[in-house]
2 protein chains.
Amino acid sequence: MSVIAEKGYHATTMEDIAAKLLMTKGSVYYYFKDKESLVYESHKLLLEQSMEQLQNVLAEELTSVAKLRKAMVVHMENVITGRTDFFIGVKPDQVFEGEHLQEILHLRNQYSDCMNRLIQQGMEDGSFVQVDMKIVNYIILGAMNNAVIWYSPKGSKSIEELANSIADYLLKILL
Amino acid sequence: MSVIAEKGYHATTMEDIAAKLLMTKGSVYYYFKDKESLVYESHKLLLEQSMEQLQNVLAEELTSVAKLRKAMVVHMENVITGRTDFFIGVKPDQVFEGEHLQEILHLRNQYSDCMNRLIQQGMEDGSFVQVDMKIVNYIILGAMNNAVIWYSPKGSKSIEELANSIADYLLKILL
DNA sequence: TCTGATTTTGAATGTCAAGTCAAATTTCAA
DNA sequence: TTGAAATTTGACTTGACATTCAAAATCAGA
């Protein structure tokens, strides 16, 4: 459901979906009980397909490294082509408008630029290896921000421990 | 706004927010023009605070490595304590219910387990260093899934190139 | 072609949450 | 103590969807 990836679950109306399917709203209800079921079915299908692809990679005759690498590449392709909305994100433009949206994007960019500067400095003084800053930045912020999704206070690690170990792992990309 | 982090932007009603603030809806409207503005103001505040913290880290007398590391730890802490919903995520339980939710979580776990197996294998045959699988898994999937947010077909890299370089960077965590 | 079954349609209905507002309450300075 | 300004209240309005449904259209086999 690429529409949903675009606009987000709640902001996508059944009419949007119907339009995308070249149907009318009523017609969609002939096939799906309700909106939740529709999203469920398609999400499930995508997950299952990804799962199958992953299983195939697992079964290939490759070194561990090559295998994990391939799994990652396949996964990335699925994410980007929207075949798996593994995670149903909300983009700022689904929440903010006009002036406000600009300001939020601006602040995020500022923040991101600071992070870039940190990476840049490290590369210049030779502490870090040369990398594509933009991508590494996305990786680092992405990995960290995603913690909102999975963090649970029930885990055995304290926030501080968690933060430290994640920082250390991510640092390895640059060392 | 921790409520929003819990339930997601659209699913959080003004009454939820008001309740959290120990106010009534009408009261909230005395201070904020509308829902979008309310979320904007608080989001902006959080971003600005994070920005300031980051600037402070920038200004400290530390090696590049220590500086970036500290920036990451602070960021993680902000993300986890919900002080910065840098990214407004949607968790599966905000979309699916009951049976469906279980099935989606199950499929995601299966997928995640496969990835774990790949990491495990590599650690066992000595290709990878020893890591905390769970965390590294979150980092890897998190970094990748986040691409939905920032990927734009306008970029100079093809999907394949992008997927490959991200895979390579992430692999560094394990080598 | 006819006919029953499948599918589509779009108008009608119901619900829920955003946003409004006049009246009630609280605050506080003189 | 008093009254004007600030704040809070909760009932009310409104609009935007999700969902329903009876009627119309399409299809497929006899």
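Sequence lines set the chain letters: A, B, ... in the order given, protein chains first and strands last, and positions in each chain run from 1.
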For [X] and [N], give me the distance from atom [atom1] to atom [atom2], rounded to whole Å.
X	N	atom1	atom2	result
Met23(A)	dA18(D)	CE	P	16 Å
Glu15(B)	dT20(C)	CD	P	15 Å
Leu21(A)	dT8(C)	CG	C1'	13 Å
Leu38(B)	dG19(C)	CG	P	10 Å
Lys35(B)	dT14(D)	NZ	P	21 Å
Met14(A)	dT20(D)	CE	P	10 Å
Tyr31(B)	dA18(C)	OH	P	20 Å
Ile17(B)	dT8(D)	CD1	P	16 Å

Can you tell me if NZ on Lys70(B) sees more than 12 non-hydrogen neighbours from other groups inside 6.0 Å?
no
[N] phosphate, OP1 or OP2: any side-chain N/O from [X] under 4.0 angstrom?
X	N	answer
Tyr30(A)	dT7(C)	yes
Ser27(B)	dT8(D)	yes
Tyr29(A)	dT8(C)	no

Minimum-distance nucleotide to [X] side chain [options: [options]]:
X	options	result
Lys25(B)	dT8(D), dT19(D), dA18(C)	dA18(C)
Thr24(B)	dT9(D), dT6(C), dG10(C)	dT9(D)
Thr13(B)	dT7(D), dA17(C), dG19(C)	dA17(C)

Looking at Val136(A), Leu118(A), Val129(A), Val131(A), which hits side chain to side chain contact (heavy atoms under 4.5 Å, CB included) with Met123(A)?
Val131(A)
Just by modelled atom types, is the Thr13(B) backbone N or O under 3.5 Å from a matching donor or acceptor in the Asp16(B) side chain?
yes
What class does the angle between the rings of Tyr40(B) and His100(A) fall in, given that below 30° is parallel, 30 to 60° is tilted and above 60° is perpendicular?
parallel
Would you kindly say whether Asp168(B) and Ser165(B) are connected by a side-chain donor-acceptor distance under 3.5 Å?
no
